[in-house]
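Right, one structure below, let's go through it.
In the text below, chain A, chain B and the rest are named by the order of the sequence lines, each starting its count at 1.
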Amino acid sequence: MTTPLRVRFAPSPTGSLHVGGARTALFNWLAARHAKGTFILRMEDTDRERSTPESEAEILRVLQWLGLDWDEGPFRQSDRDDLYRDCIGRLKEAGAVYAAWETAEELDAMRAEARANKQAPVVRGRRDWTADEIAGFEAEGRTPVWRFAVPLPGETAIEDMIRGTVTYDHAQIEDFVVARSDGTPTYNLAAAVDDMDMGINRVIRGEDHLSNTPKQMLVIRALGAEPPQYAHVPLILGTDKKRLSKRHGAASVEELEADGFLPQPVRNALVLLGWSYDDKTTTFTLEELIEKFDVTRVSKSPAVFDLKKLEVMSGRYLRALDPDAFADDLMGFLESSGYLADKGDGAADLAHRSAPLVQRKLSRLNEYDRLAGWMFHPLEFEDDAWAFLAGDVKHAIQSVGGGLGRIEVLDEFTVDNIKDALSDQLHVLGMTAREFLEPQRIAITGTTISTGIYESLELIGRDEAVARYRSTLGRLAESWQGGDA
RNA sequence: GGCGCAUUCGUCUAGGGGCCUAGGACGCUGCCCUCUCACGGCGGUAACACGGGUUCAAAUCCCGUAUGCGCUACCA
């Protein structure tokens, strides 16, 4: 009978959730759901300086946006001080830690000397202070830190689920601080105690924690417990192969959301960073991920985060959506991003009706404006669009005028009728499709990239369409007279 | 400097001694489709970091080198 899996995601609330953190959260969540275990959320806010409630709230919000619900928590280390103090007390009683009175200068000197001698720069505090010396320190108001007495000689081996056995010689591990001079616990103490106290039996976290692991294992064992299983996942890099950070752009999930990516493709892209199911499958539904995810299949080497690939996945996902579902997602994005806010009364309705026209053209929801933004304001020409018309004004007038002549007399202003009418005119003029149709697009949208021409015409209606055509013709005429006459 | 981890197409990866003249995906690129852009379809391009071993046989195992990254705090 195996014990139920208990995993946790333990971010420090010192900023928004990064792609790397999000992937770690995803891996943990998937492991929990796969095994029908428990996913616990814990805020590691022992750094009082940098931790903020805003950051915590943002992380929670993003986790929910990603669909990663937690079963227990969020716990905060700042609420658990009694537990840590109790454990530190137990370590003192067991003689596993000792008071260290060295000053920062003495420590620096110690490490500098070791480094100069090409030795590991580890601190081993003095443990033979005399009662007089201690009394002296206390008289000055000095308080000691408590260091873990790393057993020497010795070694600690991590049986990592991803990397195999990784062994650390205790000679390389310094007597790390577990309690600061103000009595508060350090990360290595708090994390170890929490994992133990919360019954975490598998720790899935970034490789940057690999070197800390033996310290935490030592603490847990000194407290009389067995360490959990560990799985250290490789880091995520930016395109320059450096650890992913803000300067790589769109490195936070918050930014991805703002850029118009939906949770599903983001999850899909994230999970494939370091994990694969086989040599072919590249898209998974959430259910498939839960069913197939296995942390032992996570690769050992770091992965570069490629926004372009996310974009491709996102585009495919959007196109495959049921039209109604797509419209809902689009409207949700447009509303939450405030896009519709200053667009007037009919904007939401117009946007909703335009959804089918953009569905197969977008890879990100925030590309909507590029494609359909023209609908929300009076006709104005983008430079390259105007250049297309102005390049051959006579031809442009012929095309636009020809188009106008056909559509203004249409009884029923439907896509089919519009298409027939314009196709017919195209043949009458004997132009190529691009020669004739591109001016129609520009005449009503003012841009060269937009929703489809016939659909766009139908959407705005004959009156608006005719008005835009005339406006375009007017400007073309001005240009003609002022031009090469 | 010390210790640790890693290294397959530009990128994400499959592969775990013979199935590999190394597979897939994205990118890039050629062609087709076509009422712009896009979408879609069919091809192509491109990799086992290097050097030694072990073995009948190595991308796969071992050693070394190089490179990258991580840790090296009274940060997490």
Side-chain angles (χ1 to χ4, degrees), chain A residues 10-14 44-47 49-51 77 100 104 107 111-112 114-123 143-147 158 160 162-163 166-169 171-174 176-188 190-191 206-214 232 234-235 237 239 241-243 269 272-283 299-306 308-313 315-316 319 358-363 370-371 388 419 422-423 426 432-442 445 447-454:
Chain A
S12 53
T14 56
E44 307 219 321
D45 58 352
T46 54
D47 184 346
E49 300 286 298
R50 299 192 299 150
S51 301
Q77 293 188 321
L107 296 177
R111 285 192 266 249
R115 194 180 271 248
N117 293 330
K118 301 195 181 227
Q119 301 290 304
V122 301
V123 166
T143 51
V145 296
W146 289 81
R147 289 182 180 276
I158 307 164
D160 195 275
I162 294 171
R163 330 193 88 84
V166 181
T167 306
Y168 283 86
D169 185 334
Q172 299 297 331
I173 304 173
E174 78 173 1
F176 53 98
V177 174
V178 295
R180 302 187 183 109
S181 49
D182 64 0
T184 58
T186 59
Y187 164 73
N188 281 126
E207 192 196 338
D208 48 339
H209 289 287
L210 190 56
S211 303
N212 293 318
T213 305
H232 286 93
L235 297 178
L237 276 24
T239 43
K241 304 274 190 180
K242 300 279 188 223
R243 191 172 171 173
L272 252 16
L273 246 30
W275 176 82
S276 63
Y277 173 63
D278 57 20
D279 61 341
K280 297 208 163 45
T281 320
T282 54
T283 59
S299 93
K300 291 196 256 283
S301 47
V304 174
F305 178 59
D306 183 7
K308 185 75 190 169
K309 194 165 288 189
L310 204 210
E311 222 168 272
V312 171
M313 283 183 188
R316 284 210 225 287
R319 264 172 255 125
V358 298
Q359 182 170 8
R360 17 165 254 181
K361 297 197 172 213
L362 310 161
S363 55
R370 188 172 67 93
L371 258 20
F388 186 96
K419 179 174 182 178
L422 290 181
S423 297
L426 187 163
T432 65
R434 181 177 158 85
E435 281 171 343
F436 177 69
L437 289 164
E438 192 61 8
Q440 314 300 314
R441 172 199 309 286
I442 296 170
T445 70
T447 71
T448 55
I449 296 174
S450 73
T451 42
I453 296 168
Y454 312 128

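- Pairing for B:C69 goes to B:G4, judged as Watson-Crick or G-U wobble with the two contacts each under 3.5 Å.
- In this view, A:Y277 satisfies the ring pair (Phe, Tyr, Trp, His ring centres under 6.0 Å) rule with no residue, not counting sequence neighbours.
- Side-chain contact between A:I442 and A:F388 is present, with at least one heavy-atom pair separated by less than 4.5 Å.
- Of the nucleotides present, none pairs with B:C75 by Watson-Crick or G-U wobble criteria with both distances under 3.5 Å.
- When both distances must be under 3.5 Å, the Watson-Crick or G-U wobble mate of B:C42 is B:G30.
- For B:A49 and B:C12, the P atoms lie 14 Å apart once the distance is rounded to whole Å.
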Pairs under 3.5 angstrom, nitrogen or oxygen only, protein versus nucleotides 21-30 of chain B, please.
| from | atom 1 | to | atom 2 | distance (Å) |
| --- | --- | --- | --- | --- |
| B:G23 | N2 | A:D279 | O | 3.3 |
| B:C26 | OP1 | A:R316 | NH2 | 2.6 |

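- As rounded to the nearest Å, B:U34 and B:G40 have C1' atoms that lie 11 Å from one another.
- Annotation: side-chain contact (heavy atoms from CB on, under 4.5 Å) contacts of A:R50 (sequence neighbours excluded): A:T14, A:D47.
- At a threshold of 4.0 angstrom between heavy atoms, the contacts of A:K361 include nucleobase atoms, whether or not backbone atoms are also involved.
- With sequence neighbours excluded, no residue satisfies ring pair (Phe, Tyr, Trp, His ring centres under 6.0 Å) with A:Y454.
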Sequence-aligned protein contact record of nucleotides 70-76 of chain B, with B where the base is within under 4.0 Å of a protein heavy atom and S where only the sugar-phosphate is = BSSSBBB
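- Comparing the C1' positions of B:C61 and B:G16 gives a spacing of 10 Å, expressed to the nearest Å.
- Contact annotation for A:G274: backbone-only contact, meaning every heavy-atom pair under 4.0 Å involves sugar-phosphate atoms and none involves a base.
- Of all nucleotides present, none satisfies the Watson-Crick or G-U wobble test against B:U54 with each distance under 3.5 Å.
- The gap from the C1' atom of B:C33 to that of B:C39 amounts to 10 Å, rounded to the nearest Å.
- Using atom C1' as the reference point in both B:C48 and B:C9, the two lie 10 Å apart (nearest Å).
- B:A59 is unpaired under the Watson-Crick or G-U wobble criterion, no partner having all donor-acceptor distances under 3.5 Å.
- A donor-acceptor pair shorter than 3.5 Å can be found between the side chains of A:D182 and A:T184.
- Among the protein residues, A:I173 comes within range of no part of the nucleic acid, since none of its heavy atoms lies under 4.0 Å from any strand.
- Taking atom CZ on A:R360 and atom C1' on B:C33, their separation rounds to 12 Å, with Å as the unit.
- Applying the side-chain contact (heavy atoms from CB on, under 4.5 Å) criterion to A:T447, with sequence neighbours excluded, gives A:E382, A:T445, A:S450.
- At a threshold of 4.0 angstrom between heavy atoms, the contacts of A:R163 are confined to the sugar-phosphate backbone, with no base atom among them.
- Considering only residues two or more places apart in sequence or on other chains, A:S299 meets the side-chain contact (heavy atoms from CB on, under 4.5 Å) condition with A:P234, A:S301.
- For B:A25, the paired nucleotide is B:U11, the pair qualifying as Watson-Crick or G-U wobble because both relevant distances are below 3.5 Å.
- Minimum atom distance to the side chain of A:P302 is reached by B:A6, of the listed B:A6, B:U13, B:C37.
- Taking the side-chain contact (heavy atoms from CB on, under 4.5 Å) definition, one finds that A:Q172 meets it with A:A120, A:D169, sequence neighbours left out.
- Under the Watson-Crick and G-U wobble criteria, each requiring two contacts below 3.5 Å, nucleotide B:G16 is left unpaired.
- Between B:G40, B:A6, B:C3, one nucleotide has an atom nearer to the side chain of A:R319 than all others, and that is B:G40.
- Straight-line distance between the C1' atoms of B:U13 and B:A59: roughly 14 Å, to the nearest whole Å.
- When heavy atoms are screened at a 4.0 angstrom cut-off, A:T448 is found touching base atoms of the nucleic acid.
- Contact of the A:V166 side chain with the A:H232 side chain is not registered, since no non-hydrogen atoms from C-beta on lie closer than 4.5 Å.
- Nearest-nucleotide assignment on RNA chain B puts the 5′-proximal partner with A:V304, out of A:V304 and A:T451.
- B:C37 is unpaired under the Watson-Crick or G-U wobble criterion, no partner having all donor-acceptor distances under 3.5 Å.
- Atom P of B:C28 sits at a distance of 16 Å from the matching atom of B:C37, rounded to the whole Å.
- Between the side chain of A:E174 and the main chain of A:V123, a donor-acceptor pair closer than 3.5 Å is present.
- Comparing the P positions of B:A47 and B:G51 gives an interatomic distance of 16 Å, to the nearest angstrom.
- Rounded to whole Å, the distance from NZ on A:K300 to C1' on B:G68 is 17 Å.
- With sequence neighbours left out, A:R147 forms a salt bridge (charged side-chain N to carboxylate O under 4.0 Å, His left out) with no residue at all.
- Atoms CD1 (A:I453) and C1' (B:U34) sit 12 Å apart, rounded to a whole Å.
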